[in-house]
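Beneath this line is the structure, given in structure tokens, with notes to follow.
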Amino acid sequence: QVQVVESGGGLVQAGGSLRLSCAASGRTGSSAAMGWFRQAPGKEREFVATINWSGATNYADSVKGRFTISRENAKNTVYLQMNSLKPEDTAVYYCAASFYGPAYGVMHGDPRAYDYWGQGTQVTVSS
């Protein structure tokens, strides 16, 4: 069984930065693709960013140039560095791991391609 745990959320002013962390345990995480998703109140969960086992990344258009996803395989940890935050970035941020999902779905942020999900961490950006 794989456990995925996010941390690093909080309250920040617009224009500020936060770094989210996601630790995967219970299985070697270096072979998994890892993704970040978010869900704002009253909205559907949406893709934010993903990184595969070789380090290839993809981002939602809304966060390109502001967010950076990275991974540290030795620690089975993935990070999401969020800069120039906007009030519309306010959401619960979820980390997910994919061991079995199709590569296309994984890299294009299809949540069905991800096998394990964390509980989420709240990010609130005040104006």
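Every value quoted in this text rests on a predicted model; they were computed, and no experiment measured them.
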Does CD in Gln39 sit with more than 12 non-hydrogen atoms of other residues, nucleotides or ligands closer than 6.0 Å? yes
Would the number of heavy atoms belonging to other residues, nucleotides or ligands and lying under 6.0 Å from CD of Gln119 be above 12? no
Is a side-chain donor or acceptor of [X] paired with a backbone partner of [Y] at a separation under 3.5 angstrom?
X	Y	answer
Asn73	Asn76	no
Thr121	Tyr93	no
Asp115	Phe99	yes
Ser98	Ala113	yes
Asn58	Met107	yes
Glu6	Gly120	yes

Can a cation-pi geometry be assigned to Arg45 and Tyr94, taking NZ or CZ under 6.0 Å from the six-membered ring centre and within 45° of the ring axis? yes
In sequence, state the C-alpha distance, the side-chain angles, and the governing distance for Ser62 and Arg38, and then conclude on side-chain contact (heavy atoms from CB on, under 4.5 Å). CA-CA 12 Å; Ser62 59; Arg38 66 187 182 187; 3.5 Å; yes
Between the side chains of Tyr79 and Glu72, does any donor sit under 3.5 Å from an acceptor? yes
Side-chain H-bond candidate by donor/acceptor type, Thr50 with Tyr114, under 3.5 Å: yes
Straight-line distance of [X] [atom1] to [Y] [atom2], nearest 0.5 Å:
X	Y	atom1	atom2	result
Asp89	Phe67	CG	CZ	4.0 Å
Trp36	Met82	CH2	CE	8.0 Å
Ser25	Gln3	OG	CD	4.5 Å

Provide the full list of disulfide bond (SG atoms under 2.5 Å apart) pairs with a residue in residues 84-113, sequence neighbours left out, each pair given once. Cys22-Cys95
Go through Leu20 and Val123 one step at a time and tell me if the side-chain contact (heavy atoms from CB on, under 4.5 Å) criterion holds. CA-CA 9 Å; Leu20 305 182; Val123 172; 4.0 Å; yes
Heavy atoms of Ala24 and Met34 approach each other most closely as CB-CE, 4.3 Å
If we check side chain to side chain contact (heavy atoms under 4.5 Å, CB included) with Leu85, which of these qualifies: Val63, Val125, Thr90? Val125
What's the verdict on side-chain contact (heavy atoms from CB on, under 4.5 Å) for Ile69 and Val78, showing C-alpha distance, side-chain angles and the deciding distance? CA-CA 7 Å; Ile69 189 171; Val78 172; 3.8 Å; yes
Which class fits the ring pair Trp117 and Phe37: parallel under 30°, tilted 30 to 60°, perpendicular over 60°? tilted
Report the residues that fulfil side-chain hydrogen bond (donor to acceptor under 3.5 Å, both in side chains) with Gln81, sequence neighbours left out, ordered by chain and then residue number. Asn83
Start with the C-alpha gap between Lys64 and Asp61, add the side-chain angles, then the distance that decides, and say whether salt bridge (Lys or Arg N to Asp or Glu O under 4.0 Å) holds. CA-CA 5 Å; Lys64 278 181 182 177; Asp61 288 342; 3.2 Å; yes
Chi angles and distances behind the side-chain contact (heavy atoms from CB on, under 4.5 Å) call for Tyr59, Val48: CA-CA 6 Å; Tyr59 297 90; Val48 176; over 6 Å; no
Quick one: do Val106 and Ile51 end up in the same hydrophobic cluster if we chain Ile, Leu, Val, Met, Phe, Trp and Tyr together by side-chain heavy atoms under 4.5 Å apart? no
